[in-house]
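Computed over heavy atoms, backbone and side chain alike; hydrogens, waters and symmetry mates excluded. FYI, the numbering just counts along the sequence from 1.
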Amino acid sequence: DANGPDVVLQTSSGAIRAERITGSLHATSSYGSVSCKGFSKGDLALKSSSGRVELSDATFGACEAQSAYGSVSAERSKGNSLRLHSSSGAITARESKADQLSLTTSYGSVTASDVTMSNLTAESGSGSVNVALSPDCPPSLTANVSSSYGAVSLSVPPAFAGQVDLSTDFGSIHADR
């Protein structure tokens with residue numbers, strides 16, 4: 001439990017668990033998982049070189065969560081921008097809202113459900129990409145959803161009137177309203 005303008009947590013080998021942090025948070029583990037729950041009022045930077053990164057029940061300005069070798073997830077999170085990235089691992093976003101939402105992985109799947117944003121990028125170099133937008137999305141949102149080697153699926157709300165770019169080099173494409 002911490003309050004303040006800036007909290008920095010760092011370990012070379014071990015897990016980091018941050019709960020009920022108010023203010024900016026920078027959490028980095030070289031070899032271990034990083035989890036953050038109940039965050040508010042600041043920017044977030046969560047990073048693991050080798051381990052999963054998990055974010056839940058958070059309100060932030062900007063959030064960047066990344067792992068070189070591990071999954072990255074956000075659940076019930078809200079902010080101006082949310083960027084989840086893994087070089088080798090799955091990306092998952094559930095019940096999350098951000099003006100700018102970026103979900104990218106080089107090797108792994110991307111799954112997003114009940115997400116709200118104005119601008120979406122969801123990409124996998126090798127893995128499926130499945131996105132289900134919330135009915136609360138603005139009708140004019142922009143969505144770029146792609147995979148080089150995997151299926152691509154996008155479900156949009158009935159009022160959707162925005163711009164969509166769905167692509168895959170090797171895999172199927174499914175769009176649903």
Side-chain angles (χ1 to χ4, degrees), residues 33-40 43-44 46-48 51-177:
S33 63
V34 175
S35 68
C36 178
K37 182 176 182 178
F39 176 85
S40 63
D43 292 336
L44 274 169
L46 309 174
K47 182 178 180 180
S48 176
R52 74 180 176 278
V53 176
E54 298 173 328
L55 173 66
S56 63
D57 303 309
T59 302
F60 46 82
C63 174
E64 183 164 346
Q66 62 184 358
S67 178
Y69 298 100
S71 62
V72 180
S73 64
E75 191 166 359
R76 296 177 308 281
S77 299
K78 180 179 179 181
N80 295 330
S81 69
L82 176 58
R83 181 179 181 271
L84 308 180
H85 175 75
S86 179
S87 296
S88 184
I91 302 294
T92 305
R94 289 190 180 95
E95 299 177 41
S96 295
K97 180 177 184 176
D99 293 333
Q100 304 287 322
L101 180 60
S102 176
L103 311 170
T104 60
T105 182
S106 298
Y107 299 99
S109 62
V110 175
T111 305
S113 59
D114 199 20
V115 291
T116 305
M117 81 297 300
S118 297
N119 190 317
L120 168 69
T121 300
E123 300 175 344
S124 176
S126 183
S128 63
V129 180
N130 297 292
V131 178
L133 304 180
S134 159
D136 297 330
C137 281
S140 61
L141 76 92
T142 301
N144 295 304
V145 182
S146 66
S147 176
S148 295
Y149 297 95
V152 173
S153 175
L154 176 66
S155 295
V156 299
F160 177 79
Q163 179 179 342
V164 174
D165 182 6
L166 305 177
S167 66
T168 182
D169 294 330
F170 298 95
S172 61
I173 295 177
H174 177 80
D176 182 30
R177 184 181 293 232

Looking at [X] and [Y], would you say the former's side chain and the latter's main chain have a donor-acceptor pair under 3.5 Å?
X      : Y      : answer
Ser106 : Gly125 : no
Ser124 : Ser147 : no
Arg177 : Pro158 : yes
Ser86  : Ser71  : no
Ser67  : Gly51  : yes
Asp43  : Ala62  : yes

Thr104: which residues meet the side chain to side chain donor-acceptor pair (under 3.5 Å) condition with it, sequence neighbours left out? His85

Side chain to side chain donor-acceptor pair (under 3.5 Å) involving Glu54 - partner list, sequence neighbours excluded: Arg52

Mind checking salt bridge (Lys or Arg N to Asp or Glu O under 4.0 Å) for Arg76 and listing every partner two or more places apart, or none if nothing turns up? Asp57

Who are the salt bridge (Lys or Arg N to Asp or Glu O under 4.0 Å) partners of Glu64, not counting sequence neighbours? Arg83

Mind checking the [atom1]-[atom2] spacing from [X] to [Y]? Nearest 0.5 Å is all I need.
X      : Y      : atom1 : atom2 : result
Leu120 : Leu82  : CG    : CG    : 10.5 Å
Gln163 : Ser140 : CD    : OG    : 11.0 Å
Asp176 : Ser153 : CG    : OG    : 7.5 Å

Side-chain donor-acceptor distances from residues 109-117 under 3.5 Å, at least two apart:
from: Thr116; atom 1: OG1; to: Ser134; atom 2: OG; distance (Å): 3.1

Suppose we screen for side chain to side chain contact (heavy atoms under 4.5 Å, CB included). Which residues come up paired with Ser88, at least two apart in sequence or across chains? Tyr69, Tyr107

I want to check something: taking the side chain as every heavy atom from C-beta on, are Leu101 and Ser96 in contact at a cut-off of under 4.5 Å? no

Is the closest side-chain heavy-atom distance between Phe160 and Cys137 below 4.5 Å? no

